[in-house]
Visitor: 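Please read through the structure below; I'll follow up with questions.
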2 protein chains.
Amino acid sequence: MERRHRVSMTDIAREAKVSPATVSRALNGHPTVSDKVRRSVLDAAERLGYVRNLGAVSLASSQSNTVGLLIRDAGNQFYGGLASRIQAETDRYGFDLLITAGGDTLESQERAVRNLLGHGVGGIVIASGRVAAEAAEYSARFVPSLVLGTGLELPSLSSVRIDPHMEAGLARRVVDHGHRSIAVTASEDPLASTLHARTANFLTELVVAKTDTYIVSFSEQGGVDELGRQVDRALADGVTAIMAGSDEMALQILEYLNISGLRCPQDVSVTGFDGIGAYRSSLLGLTTIEQPVDELAHAAIKLMSRHMNEEHAQTAQILVPGRFVKGRTLGMAQTSD
Amino acid sequence: MERRHRVSMTDIAREAKVSPATVSRALNGHPTVSDKVRRSVLDAAERLGYVRNLGAVSLASSQSNTVGLLIRDAGNQFYGGLASRIQAETDRYGFDLLITAGGDTLESQERAVRNLLGHGVGGIVIASGRVAAEAAEYSARFVPSLVLGTGLELPSLSSVRIDPHMEAGLARRVVDHGHRSIAVTASEDPLASTLHARTANFLTELVVAKTDTYIVSFSEQGGVDELGRQVDRALADGVTAIMAGSDEMALQILEYLNISGLRCPQDVSVTGFDGIGAYRSSLLGLTTIEQPVDELAHAAIKLMSRHMNEEHAQTAQILVPGRFVKGRTLGMAQTSD
DNA sequence: CTGAAAGCGCTTACAG
DNA sequence: CTGAAAGCGCTTACAG
């Protein structure tokens, strides 16, 4: 248990009676090393409890086998789940993965990118609903970078996300249930690019369908009271369905309705987005879209692998379909007229 | 957007017309640098888009300002939330944070530790319900290490977790509701040390209270069918309450009861554990214990800071109280006799 | 207050 | 197949 002098390649070289260069080659599986030597080097490394200094490796080789993942908040089910799947994919590809949380401001995001870069990552995946475009572009100045699961549109960067047709399709379903006055949530945070894109996609479809639209704006600070006021006002104006930008928001709305004695979907329909974890529970019965987390992670790392290996890989915008989750919170509009 | 030659301290030195040594000192806020020189160095660094190579830093200084966090799975609300709070705390302390996911096997966990170590972290926080003690001890051989939010007991390592009295207290409440035949979930995964400890704590209290106890064993693979069989058997044997090791398990049980037409708590009571995120929703109404995520993260980083700064800081076992969440899934036992 | 030099742990042409 | 040597980007006594 006592903390020893960190063992280096030199120690192994001494132990195995070869040169440091040979140790390096043996450890890296270089083919020109004789089996006998390789064996004894590996033995010595094991015996001494050797841990490779990755910083020194990337310093000396000026290339890196590790990819960095920038997420805003692992506490968010969607991004947490994404991180978890990304880890599985990088494992498959033999990459090391370093994760860091980006925070909510441009400054803290650039700090996070610098942190990753400073640890010598060879590529960065940015998975955060609230990225400043500047942070992504900053990252791209140094290593192949890719934006994942986000509404952010940057023609110069590769991106992987759910097909926006899913959002349009959800809106169409709401319309098809007879709703003609529909509220959409909107975030007040200017950095919440994913939510903004979602809101815009919902609205576009609703406007095309010639329905009345209504905005319920969400502020992080507002709390339940502010949310309640907004919902009340919307209902008073005749809204019969609310499309939330995320399951989390949808759940907050459902809780408020419940407290107020309003029934869902009889009095008002509610839809969510993400369809992950507990929000998927049949007990909640939320009508929502399930994000294709596995496919998103898979496509992202596949693409990243290409970017890291080919000098001038084409940037690509990949769209992955999601899945509609029926639930019980979307019902037919009551024809009160 | 084009990827340039990575700028180094030498480049800054040339630009600012000073020596690399001075650049280093200026960047590190060394007091012996004249204001004028410092200014021009900082300017040059900014202008050139300098990113410090942290690997080289820790290589040269053989000390590190970054702490590593090993979590099993960011997709798990509890650990995801913990990661998110840990980030906030390390930010406060001025540490950099590197996160990596450990996986489920001893081998992948040691790999994760080596990855962190290889990137030169100065300390490691292990937050995973399924740690092999060996992985934690391996980590402790190299840097100050600390186990967080876990049932794992290692006298040689510092640890921070929820006070086990919370588990006992929950069991006592169930008993106080008149239940005399109570099932407890148990995981079949030998590495699930947190769940095992929880199960043991529940059982101890139940046995002390002289109730009949019953085990519902949970396997990752079993699926709903297997779970249903187990629950049915327990109920047939007269069980009137089920204490789940986590909210996630509790929710699965509730879903099964719902499908089977059984009411909770009228037919059977169910309790959870963790009380995080969507599981806390009043719509679910789960009776559970809320883990003190903020306090856990705070205590962990405070302790880690001490371990990293003082040569021989005392190892400590810190217990943080949680909070009982009343919910609606725990009711009085029906006196059918 | 500043610089020249050695060294941290590695890799990689270059010889042999 | 193996070794000696230079160098990656930094820090830090040691001189001045």
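Reminder, nothing fancy here: chain letters follow the sequence lines and each chain counts from 1.
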Visitor: Sort out the partner of C/dC1 for me: Watson-Crick or G-U wobble, both distances under 3.5 Å, none otherwise.
Guide: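 Result: D/dG16.
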Visitor: Hey, which of these two, A/P20 or B/S34, hits DNA chain C nearer its 5' end, going by closest nucleotide?
Guide: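 Looking at the nearest nucleotide for each, B/S34 comes out on the 5' side.
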Visitor: Measure CG/B/L27 against P/D/dT11 and give the value in whole Å, please.
Guide: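 About 8 Å, once rounded to whole Å.
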Visitor: Please work out if B/R25 contacts a base, only the sugar-phosphate, or nothing of the nucleic acid, heavy-atom cut-off 4.0 Å.
Guide: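 Base, at least one base heavy atom under 4.0 Å.
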Visitor: Nearest to the side chain of A/S61, heavy atoms from C-beta on, is which of C/dG9, C/dT11, D/dC10?
Guide: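 Output: C/dT11.
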Visitor: Are A/V121 and A/V67 side-chain neighbours, meaning at least one heavy-atom pair lies under 4.5 Å?
Guide: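 No, their side chains stay 4.5 Å or more apart.
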Visitor: If I pick the C1' atom on C/dT12 and the same atom on C/dG16, what distance separates them, to the nearest angstrom?
Guide: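 Here C/dG16 and C/dT12 have their C1' atoms 16 Å from each other.
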Visitor: Rounding to a whole Å, what distance do you find between B/D35:CG and C/dT2:C1'?
Guide: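 Going from B/D35 (CG) to C/dT2 (C1'), I get 15 Å.
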Visitor: To the nearest Å, how far apart are A/K17 NZ and D/dG3 P?
Guide: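 The answer, rounded to whole Å, is 13 Å.
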Visitor: Please work out if B/T32 contacts a base, only the sugar-phosphate, or nothing of the nucleic acid, heavy-atom cut-off 4.0 Å.
Guide: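 B/T32: base contact, heavy atoms under 4.0 Å.
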Visitor: Do A/R52 and A/L54 make a side-chain contact, defined as non-hydrogen atoms from C-beta onward lying under 4.5 Å apart?
Guide: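 They are in side-chain contact.
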Visitor: Taking the side chain of A/A56 as heavy atoms from C-beta outward, which of C/dT2, C/dC10, C/dA5 is closest to it?
Guide: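 Within the option list, the nearest is C/dC10.
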Visitor: Is any NZ, NE, NH1 or NH2 atom of the basic residue among A/R38 and A/D43 found under 4.0 Å from an Asp or Glu carboxylate oxygen of the other?
Guide: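 Salt bridge: no.
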Visitor: Distance check needed: D/dG3 C1' versus A/H30 NE2, whole Å only.
Guide: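 Rounded to whole Å, this separation is 14 Å.
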Visitor: Using a 4.0 Å heavy-atom cut-off across all strands, classify A/V18 as base, sugar-phosphate, or nothing.
Guide: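 Touches sugar-phosphate only.
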Visitor: Specify the separation, in whole Å, of atom CG of B/N53 and atom C1' of D/dG9.
Guide: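 The answer, rounded to whole Å, is 6 Å.
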Visitor: Tell me, do A/L98 and B/I99 make a side-chain contact under 4.5 Å, heavy atoms counted?
Guide: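 When only atoms from C-beta onward are counted, B/I99 and A/L98 do not touch, as no gap falls below 4.5 Å.
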Visitor: Within a reach of under 6.0 Å around CD of A/Q317, are more than 12 heavy atoms found that belong to other residues, nucleotides or ligands?
Guide: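 More than 12 heavy atoms, drawn from other residues, nucleotides or ligands, come within 6.0 Å of this atom.
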Visitor: Counting side-chain heavy atoms from CB outward, which of D/dA4, C/dT12, C/dT2 is closest to A/S19?
Guide: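 Side chain of A/S19 sits closest to D/dA4.
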Visitor: Roughly how many Å is it from OH in A/Y50 to P in C/dG9, rounded to a whole number?
Guide: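 The distance from OH of A/Y50 to P of C/dG9 comes to 10 Å, rounded to the nearest Å.
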Visitor: D/dT11 phosphate, OP1 or OP2: any side-chain N/O from B/R52 under 4.0 angstrom?
Guide: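 The answer is yes; a side-chain N or O of B/R52 sits under 4.0 Å from OP1 or OP2.
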Visitor: Closest-nucleotide mapping onto DNA chain C: is B/L59 or B/T22 further toward the 5' terminus? I mean the 5' end.
Guide: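 Upstream on the strand: B/T22.
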Visitor: Return the value, rounded to whole Å, for the distance between atom CD of A/Q63 and atom P of D/dG9.
Guide: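 Result: 14 Å.
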Visitor: Return the value, rounded to whole Å, for the distance between atom CE of A/M9 and atom P of D/dT2.
Guide: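 A/M9 atom CE is separated from D/dT2 atom P by 15 Å.
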Visitor: Does a nitrogen or oxygen in the side chain of A/S24 sit under 4.0 Å from OP1 or OP2 of C/dT11?
Guide: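 Checking A/S24 against C/dT11: at least one side-chain N or O falls below 4.0 Å of OP1 or OP2.
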